Amino acid sequence: MSDKKSDKKKVILRIKRQAGPSDSAHWEEFSLDWRPSMNVIIALRDIAENPVTRDGKKTTPLSYDSNCLEEICGSCAMLINGKARMACSALIDDLEQPIRIEPLSKFPVVRDLAVDRQFMFESLKRVKAWIPIDGTYDLGEGPRVSPEIQEKGYPLSNCITCGSCLEVCPQVNEHSKFVGAAIISQVRLFNMHPTGAMHANERLEALMGPGGIADCANAQNCVEACPKGIPLTESIAQVNREAWKHALLGWLWG
Ligand code: SF4
């Protein structure tokens, strides 16, 4: 008679562990019982609940970021079998085993798989990726947004700041300040909005310095990596045209 326990299908994961930002990294292997519809986040949760390695050694609890579990919050982006993707939508059955899991490499590691994406948020501040409202008086109704602009803007508004586009971009590295495709695409989004357009020049100027749009080398990896299917190369081309126009003719309207 077969031993039912040992017959259970297993999921093997190799995880890159790092205790803190200045600690060195090492790998640990885990073996879990397979369950139907299991995704990487479920596997990580199982390991966090019972941090015991494949060879039976108790280890430290696993750290990773996750929140919405439906590809909306962007927090669980990591390298899964070498590819930047969301752990919540990475189904175990679709992955080759042992499944290799690492933190994104373009951001500082906080601990294990949790990284600090502050660079992206600082870049969004740099380009003023918002519509300023001071709140001191009633501005009345804003300009109407045409259906054409709504249709173009909606896909751009789906950015979840996951950082996958920065991860795959060769121009985002320790020698460069390149803000990356996501931020450029947000400039396009806010500049196409009739209210946001009032500050379009400020956003373009923020992208005309070091680390701005001129640093894009057109590798086009970003558009492939984006889990939300955002037309990033189209955004970069559009913002590039706007930046050139502003550089050549901006002095005309001050
Ligand atoms: Fe992620 Fe796409 Fe936004 Fe880049 S543009 S941060 S890949 S959602």
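Keep in mind the model is a prediction, meaning the values are calculated, not measured. Just follow the structure's listing: the first ligand is 1, and inside any ligand the first atom is 1.
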Requested in this report: Would you indicate whether Lys58, at its atom NZ, is surrounded by more than 12 heavy atoms from other residues, nucleotides or ligands within a distance under 6.0 Å?
Outcome: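 Result for NZ/Lys58: enclosed.
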Query raised in the report: Is ligand 1 under 4.0 Å from a heavy atom in the side chain of Leu232, in the backbone, in both, or in neither?
Result: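 Contact part for Leu232 vs ligand 1: side chain (C-beta onward).
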[X] side chain to [Y] side chain, donor-acceptor N/O pair below 3.5 angstrom:
{"X": "Glu242", "Y": "Gln238", "value": "yes"}
{"X": "Arg17", "Y": "Thr60", "value": "yes"}
{"X": "Ser105", "Y": "Glu167", "value": "yes"}

Query - For Gly163, atoms of ligand 1 separated by under 4.0 Å from a heavy atom - result: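 So the atoms of ligand 1 that pass are 1 (Fe), 6 (S).
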Query raised in the report: Considering only heavy atoms of Met120, which atoms of ligand 1 have at least one such atom less than 4.0 Å away?
Result: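 Counting from 1, the qualifying ligand atoms are 6 (S).
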Query raised in the report: Does Leu113 belong to the same Ile/Leu/Val/Met/Phe/Trp/Tyr cluster as Leu69, with side-chain heavy atoms less than 4.5 Å apart forming each link?
Result: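 Yes: a chain of side-chain contacts under 4.5 Å links Leu113 to Leu69.
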**Report entry** Joint cluster assignment, Val187 & Leu232, ILVMFWY side-chain distance < 4.5 Å
**Finding:**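 No.
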Tell me: protein heavy atom nearest [atom], and distance?
{"atom": "atom 2 (Fe) of ligand 1", "result": "Cys226 SG, 2.3 Å"}
{"atom": "atom 8 (S) of ligand 1", "result": "Ile160 N, 3.5 Å"}
{"atom": "atom 4 (Fe) of ligand 1", "result": "Cys165 SG, 2.3 Å"}

Query raised in the report: Does any N, O or S atom in Cys159 come within less than 2.8 Å of atom 2 (Fe) of ligand 1?
Result: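 No, outside the cut-off.
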**Report entry** Heavy-atom side-chain contact between Thr195 and Pro143 under 4.5 Å
**Finding:**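 In short, these two side chains touch, coming nearer than 4.5 Å.
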**Report entry** Heteroatom test (N, O or S) for Cys162 near atom 1 (Fe) of ligand 1, limit 2.8 Å
**Finding:**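 Yes, since at least one N, O or S atom of Cys162 sits under 2.8 Å from atom 1 (Fe) of ligand 1.
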Query - contact_flag Pro227 ligand 1 heavy-atom lt 4.0 Å - result: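 A heavy atom of Pro227 does come that close to ligand 1.
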